[in-house]
Amino acid sequence: MPFVHIELIEGRSKEQKENLVKEVTEAVVRNTGAAGENVHVILQEMKASDYAQNGIFKG
């Protein structure tokens, strides 16, 4: 039962997230042999103001 956690900066459309989840699920099924109904994809969105890279906030 694969679990895939993806963290994103907020701002993608529902359609973009649906396509991402679909394609990630297909890749996991293809590469692990797991059944699609057993693949769990968890999207976690964060505000740009809550994200920093190299000590610098991005938002």
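Only heavy atoms go into these numbers, but all of them, side chains included; no hydrogens, no water, no symmetry mates. Residues: numbered from 1 along the sequence shown.
- Using a cut-off of 4.0 Å between Lys/Arg side-chain N and Asp/Glu carboxylate O, Lys17 and Glu45 are scored as salt-bridged.
- With salt bridges taken as basic N to acidic carboxylate O contacts below 4.0 Å, none links Lys22 and Glu18.
- Within the 3.5 Å criterion, the main-chain N or O of Met46 finds no donor-acceptor partner in the side chain of Asp50.
- In this structure, the side chains of Ile42 and Ile6 stay at 4.5 Å or more apart for every pair of heavy atoms.
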Practice task
Kindly indicate, with the supporting measurements, whether the criterion side-chain contact (heavy atoms from CB on, under 4.5 Å) is fulfilled by Leu43 and Leu20.
Solution key: CA-CA 10 Å; Leu43 298 180; Leu20 174 61; 4.0 Å; yes

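- Side chain of Gln16 to main chain of Ser13: a donor-acceptor pair is present (N/O by atom type, distance under 3.5 Å, no hydrogens or angles).
- You'll find the side chain of His5 stays beyond 4.5 Å of the side chain of Gln44, heavy atoms only.
- The side-chain heavy atoms of Asn38 and Val29, taken from C-beta on, include no pair separated by under 4.5 Å.
- Contact detail for Gly36 and Thr25: the closest heavy-atom pair is O-CG2, 4.2 Å.
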